[in-house]
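Below, chains carry the letters A, B, ... as their sequence lines are ordered, and counting in each starts from 1. Hydrogens, waters and symmetry mates are skipped; everything else that's a heavy atom, side chains included, is used.
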2 protein chains.
Amino acid sequence: MPSESDFDLQQFLPYLLNQAAEQASLGFQTLYKTRYGMLRTEWRVLFHLGRYGEMTAKALCDRGRLHKTKVSRAVAKLEGRRFLQRRTVPQDRRAEVLALTAAGRAAYADLHAQAQVFDRQLTAGLSPAQDQALRQALVILAKL
Amino acid sequence: MPSESDFDLQQFLPYLLNQAAEQASLGFQTLYKTRYGMLRTEWRVLFHLGRYGEMTAKALCDRGRLHKTKVSRAVAKLEGRRFLQRRTVPQDRRAEVLALTAAGRAAYADLHAQAQVFDRQLTAGLSPAQDQALRQALVILAKL
DNA sequence: CCTTGTTAGTTACATTTTCAACTATTATCC
DNA sequence: GGATAATAGTTGAAAATGTAACTAACAAGG
């Protein structure tokens, strides 16, 4: 029988995941925030476009599991800051293909490099085996 | 030299953690939302008080890594729904000790039991070794 | 073609979160 | 003791998020 005292909040996986995620996001967040005035969604949009090439907002939503309103606003902001451009395609005039500008690619390259450094710092306290096990489990849980 | 193509967004730990955390929170969230009309912070306050006994808002902030405004509002809401009571202590009239009511304890017992079930479902796709490794790594990353 | 349904994306509004300022009380230290 | 700082908690305004409704364009079936 499950008692009330053998279940620690720190044993509850959603809680543990959130704490770890928050802690992990903290440092990098300040980076793209202070350096480029970006929000998390903007950073993700930038990353997706930088990493996987130009695509529509819909594709971004699917790939990044982002809600379309978030993407819509992030794209508007990135466009305002000249990090990306929209291009309507004749085949479907509802959709707009999003592509990074030179400034956008530069920001991506910078943040991308920082992300790799940051990632290594994060896992510095973990053994390689722990690191690998962690990522494997996370991929399963995230259903990626 | 770090190239631009060997670093996937899904390899970036903060991203991976966030995806997993979001996915993991989803199911349980609907539970305390629909059943008790609670927000995440309220659920956490309830859990902390239920699990660790009565304490001040400050203690809650420290233990749960919550911001004091969040706690203040969550406590007000839980008090309004008669899930907890405040008690001023003569030693320090700034602080208020928070204690669950019978209704609060009942809600905690219910959600607590559900949480255990939910936790097991979550990790059903993981081997016991994977599960253990994951939690260990998360505790390190969360700096708990 | 033309009604109906679907999809891409935006906008408006309510809810939540964040940040800064505020009150009231206690601690510090000259 | 009395000024100053620090702490517990609240509140208001701004920013961000979520939800739903909306526009515009395409698709499909009759």
Return the 5'-most residue of the pair A:S72, B:Q91 with respect to DNA chain C, ranking by each residue's nearest nucleotide. A:S72
Are B:L126 and A:V139 linked, directly or through intermediate hydrophobic residues, by side-chain heavy-atom contacts shorter than 4.5 Å (ILVMFWY only)? yes
Only one of B:K70, B:R81, B:K33 passes salt bridge (charged side-chain N to carboxylate O under 4.0 Å, His left out) with B:E42, and that residue is B:R81
Here the distance between atom P of D:dA16 and atom CH2 of A:W43, to the nearest Å, is 18 Å
Is A:E54 salt-bridged to A:R87, going by a charged N under 4.0 Å from an acidic O? yes
Look at the side-chain heavy atoms of Ile, Leu, Val, Met, Phe, Trp and Tyr, link any pair under 4.5 Å apart, and say whether B:F47 and A:Y15 land in one connected group. yes
Just how far, in rounded Å, is P of D:dT10 from NZ of B:K58? 14 Å
Just to be sure I understand the rule, does A:R86 reach a base, reach only the sugar-phosphate, or reach nothing, if contact means heavy atoms closer than 4.0 Å? sugar-phosphate
Chain B contact limits on DNA chain C, taken 5' to 3' with a cut-off of 4.0 angstrom to heavy atoms: C:dT16 to C:dT26
Using heavy atoms to find the nearest nucleotide of DNA chain C for A:K33 and B:P90 separately, return the residue whose nucleotide is more 5′. A:K33
Using the ring centroid of each side chain, check whether B:F28 and A:F12 are separated by less than 6.0 Å. yes
Let me spell it out: for each of A:V89 and B:V75, pick the nucleotide of DNA chain D with the closest heavy atom. Which residue's pick is nearer the 5' end? B:V75
Selected nucleotide, minimal atom distance to A:D92 side chain, candidates D:dC26, D:dG18, D:dG9: D:dC26
What residue among A:V75, A:T69, A:L78, A:L66 forms side-chain contact (heavy atoms from CB on, under 4.5 Å) with A:T41? A:L66
Could you give the NZ-to-P distance, from B:K77 to D:dT10, as a whole number of Å? 15 Å
Any sub-3.5 Å donor-acceptor pair from A:S127's side-chain atoms to A:Q130's backbone N or O? yes
Does A:D119 pair with A:R135 as a salt bridge, N-O distance under 4.0 Å? yes
Within this structure, what is the CZ-to-P distance between B:R40 and D:dG18, rounded to whole angstrom? 10 Å
Interface polar pairs with nucleotides 21-24 of chain D, N/O, under 3.5 angstrom:
none

Separation of D:dT17 P from A:K70 NZ (nearest whole Å): 6 Å
Test your reading of the model: is there a side-chain donor-acceptor pair from B:D110 to the backbone of B:A106, 3.5 Å cut-off? no
Could one point to a donor on the side chain of A:R73 or the base of D:dG18 with an acceptor on the other under 3.5 Å away? yes
